[in-house]
**Q** 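Below you'll find the structure I mean.
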Amino acid sequence: MARHLITSAIPYINGIKHLGNLVGSQLPADLYARFQRARGNEVLFLCATDEHGTPAELAAAKAGKPVDEYCAEMWAVQDEIAKGFRMSFDHFGRSSSQQNRDFTQHFAGRLADEGLIEEVTEQQIYSNTDGRFLPDRYIEGTCPNCGFESARGDQCDNCTKQLDPVDLINPYSTISGSTDLEMRETKHLYLRQSQMKDQLSEWIESKNDWPVLTTSIAKKWLHDGDGLQDRGITRDLSWGVPVKRGTEDWPGMAGKVFYVWFDAPIEYIACAKEWADANGKSDADWQRWWRTDMGAEDVRYTQFMGKDNIPFHTLSFPVTILGSGEPWKLVDYIKGLNYLNYDGGQFSTSRGRGVFMDQALAILPSDYWRWWLLSHVPESSDSEFTWENFQASVNKDLADVLGNFVSRVTKFCRSKFGEVVPEGGKWGEQEEALIAELTTRVRAYEGHMDAMEVRKSASELRAIWVAGNEYLQTAAPWVTFKEDPEKAAAQIRLALNLIRLYAVLSAPFIPDAAEDLMKAMHTEDAEWPDDISAALGSLAVGDAFTVPDVTFRKITDDEREEWQARFAGTRD
RNA sequence: GGCGAUGUAGCUCAGUUGGUUAGAGCAGCGGAAUCAUAAUCCGCGUGUCCGGGGUUCAAAUCCCUGCAUCGCCA
């Protein structure tokens, strides 16, 4: 039995995510986790919220709440939505957990011991009114180059010239609008990533089977310009993991916290401990997933993430892991995903453009979204959501091909034989041909799922559904019933078993519908069909079933038009 | 501005290390069937593979260049 550690990039705590965020990480990770479990493999699937940093502080202030309280509430909201989309996390953690604090401080201490941390004293802009240092993007002023009045601290959006915040004329804080700014000296820790450039490069070069997207982004950061840069890992903030060297205070760093990108990936490890702690398990239970000296040497670790997160996962986090000099599990495969666009543009939170996770669940069940999103996942390039395409796919694939198959089989059986698996007759050439085709297709499906070729998996699964309709069409039990009822009985017995088979195979994509079908067939046999012929004998003569309600309904043109208008975005 | 992609049938996309008449699903057209959610099944594609050069016996696939779209960065 293989062991799979699977993590999805952790969403930022601030606000509800849109469908692009969902399909870019959590959803394909969930598909993979469900598939591996269904094959009988051992899986630990983790996700969490990324809670630290300035945006969370500002959002909390805006909501008039203490930041920890705000985060706790938003975590609950995100947890609820993830459940709504049937994310099968073994644990949905929080980067603000005590466990993550401990690990983050531990890693910083180890990295310092290994000579990979440098203390740097630098000048930064401090806002007296806001009582905080301002990140570049929170400073605006007049561009010294072109005179544009809303140039950002890092770049002028008008003339595109790169700027340094100190060069801005009449700079002000975008948080408060205050112009009471001054330069202050402050000390920060830098992670000396450049020291490990060669080691990282060799590691990335060895990953021939990773998506090109993943390796090309990593290589760009490794070799672009002066090569991999050292990065600051601390900030002058209050909301974050306090800077410590292991369990000791860090001289000169009192009152500072680690920068989010440093502590967020460490949450993957901390989350495993949170999982163990929350479920009455021992340290050994999580360590066997993460420590190669404590049982994790046979674990296959797969990470899922959108392309914006690739640099941190291919470079920065590996520096933390490798640089610690301790036997932590390093990622084996990084499934990097592109972006999903919305109807010819980007999803936009500020403009209310596109469908957000809570809105999606309010208008249709999660399976409809899961199917469309997964079968159109942006694997090789950015992909596009349009309502026409969504309506067509849902109606054709789910309602017509799969849903109608279930409907025609169960209703025909009920009218001719009753709601019970009929007896008599036996399989002939048509049935053997179907089994041969299904065997080939199911093996291909498994291959694609193992390789995380999500679109190809969806396409193969659909072909498996279609095979059932093709069989019915040629077998034509409505004709054979008139001449040879026993033959029709054998045909329908097979078709009823196909429904159970489809439920098992489809569960990673559409878990709710799969469960409904299993219940309708009065079975709990969810064993993966290693032998198709045997699997089609699961429901035996005399077993009762219930004709299910409509498995998937169709989306009407009126609904499509209404949603199209509702989510187009109005504000600008 | 720098960098990275992407550009294949009306639409959404496949096309592995360059190699037989460039593929799938949807839409469209024609037919079969009538068990079923007006569902299903079968048949039908002469597409400047973005343009222009080049390498090669052979390029959608490699190189150069132009254009377009998108994204990222400081």
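Excluded from the calculations below are hydrogen atoms, water molecules and symmetry mates; all remaining heavy atoms, backbone and side chain alike, are included. In what follows, every chain begins at residue 1, and chains take the letters A, B, ... in the order their sequences are listed.
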**Q** Within residues 398-411 of chain A, find the residues that approach RNA chain B with a heavy atom at under 4.0 Å, and present them sorted by residue number.
**A**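 When residues 398-411 of chain A is checked for heavy atoms under 4.0 Å from RNA chain B, the hits, listed by number, are A:Ala399, A:Asp400, A:Gly403, A:Asn404, A:Ser407, A:Arg408, A:Lys411.
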**Q** Distance between the P atoms of B:C63 and B:G4, in whole angstroms?
**A**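 Between the two P atoms, the distance is 13 Å.
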**Q** When the P atoms of B:G7 and B:C13 are considered, how many whole Å apart are they?
**A**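 Looking at atom P only, B:G7 and B:C13 are 10 Å apart.
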**Q** Name the nucleic acid region contacted by A:Lys456, choosing base, sugar-phosphate or nothing; use a 4.0 angstrom heavy-atom cut-off, strictly under.
**A**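 Since only primed, P, OP1 and OP2 atoms lie under 4.0 Å of A:Lys456, the category is sugar-phosphate.
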**Q** Is the positively charged end of A:Lys17 above the ring of A:Phe356, judged by distance under 6.0 angstrom from the centroid and angle within 45° of the axis?
**A** no
**Q** Partners of A:Asp450 by salt bridge (Lys or Arg N to Asp or Glu O under 4.0 Å), sequence neighbours excluded?
**A** none
**Q** Can you measure from OG (A:Ser457) to CG (A:Leu374) and round to the nearest 0.5 angstrom?
**A**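 Here the rounded value is 9.5 Å.
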**Q** Measure from the side-chain N and O atoms of A:Gln193 to the backbone N and O of A:Leu315, and report whether any donor-acceptor pair falls under 3.5 Å.
**A** no
**Q** Grab the NZ-P distance between A:Lys307 and B:A5 for me, whole Å please.
**A** 11 Å
**Q** Taking ring pair (Phe, Tyr, Trp, His ring centres under 6.0 Å) as the definition, give me every residue that meets it alongside A:Trp203, ordered by chain and number, with sequence neighbours left out.
**A**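 Per chain and number, A:Trp203 pairs via ring pair (Phe, Tyr, Trp, His ring centres under 6.0 Å) with A:Trp210.
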**Q** Show me the pairs that pass ring-ring contact (aromatic ring centres under 6.0 Å, His included) and involve residues 540-565 of chain A, at least two apart or across chains.
**A**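 For residues 540-565 of chain A: A:Tyr368-A:Phe552, A:Trp387-A:Trp563.
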**Q** Measure distances between side-chain N and O atoms of A:Gln473 and base N and O atoms of B:U40, and say whether any donor-acceptor pair falls under 3.5 Å.
**A**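 Pair found.
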**Q** Roughly how far apart, to the nearest Å, are B:A9 and B:C26 at atom C1'?
**A**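 These two C1' atoms come out 12 Å apart once rounded.
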**Q** Measuring only the C1' atom in each nucleotide, how far is B:A5 from B:G10? A whole number of Å is fine.
**A**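 Each nucleotide's C1' atom is 26 Å from the other's.
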**Q** Which residues in residues 542-557 of chain A have a heavy atom closer than 4.0 Å to any atom of RNA chain B?
**A** A:Val550, A:Thr551, A:Phe552, A:Lys554
**Q** Applying side-chain contact (heavy atoms from CB on, under 4.5 Å), name anything that partners A:Thr546, two or more places apart in sequence or on another chain.
**A** A:Glu419, A:His522
**Q** Take A:Trp372 and A:Asp397, find for each the nucleotide of RNA chain B with the closest heavy atom, and name the residue whose nucleotide sits nearer the 5' end.
**A** A:Trp372
**Q** Name the residue closer to the 5' end of RNA chain B, choosing between A:Thr474 and A:Ser383 according to the nucleotide with the nearest heavy atom.
**A** A:Ser383
**Q** Check whether the aromatic ring of A:Phe412 stacks on the base of B:C35, taking stacking as ring centres less than 5.5 Å apart and planes within 30° of each other.
**A**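 Taking the rule of under 5.5 Å and under 30°, the ring of A:Phe412 does not stack on B:C35.
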**Q** Determine the Euclidean distance between corresponding C1' atoms of B:U8 and B:G45; express it in Å to zero decimal places.
**A** 14 Å
**Q** Separation of A:Trp371 atom CH2 from B:G25 atom C1', in whole Å?
**A** 11 Å
**Q** Mind checking side-chain contact (heavy atoms from CB on, under 4.5 Å) for A:Lys396 and listing every partner two or more places apart, or none if nothing turns up?
**A** A:Asp400, A:Arg462
**Q** Taking the same atom, P, in B:G47 and in B:G51, what whole-Å distance lies between them?
**A**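 Each nucleotide's P atom is 13 Å from the other's.
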**Q** Which label fits A:Phe417 and A:Phe412: parallel for a plane angle under 30°, tilted from 30 to 60°, or perpendicular past 60°?
**A**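 Perpendicular.
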**Q** Quick one: do A:Lys519 and A:Asp516 make a salt bridge, cutoff under 4.0 Å?
**A** no
**Q** So if I take residues 482-509 of chain A and measure heavy-atom distances to RNA chain B, which residues fall below 4.0 Å?
**A**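 The answer is none.
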**Q** Please list all pairs meeting side-chain hydrogen bond (donor to acceptor under 3.5 Å, both in side chains) that have one or both residues in residues 484-497 of chain A, counting only residues at least two apart or in different chains.
**A**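 Of all non-adjacent pairs touching residues 484-497 of chain A, those that pass side-chain hydrogen bond (donor to acceptor under 3.5 Å, both in side chains) are A:Thr480-A:Gln491.
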**Q** With 3.5 Å as the limit, what N/O pairs link the protein to nucleotides 6-11 of chain B?
**A**
none

**Q** In chain order, what residues pass the salt bridge (Lys or Arg N to Asp or Glu O under 4.0 Å) check against A:Glu118, with sequence neighbours excluded?
**A**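 Expected list: none.
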**Q** Quick one: which residue pairs count as a salt bridge (Lys or Arg N to Asp or Glu O under 4.0 Å) with a foot in residues 402-417 of chain A, not counting sequence neighbours?
**A**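 Every candidate salt bridge (Lys or Arg N to Asp or Glu O under 4.0 Å) pair involving residues 402-417 of chain A fails, so no pair, neighbours aside, qualifies.
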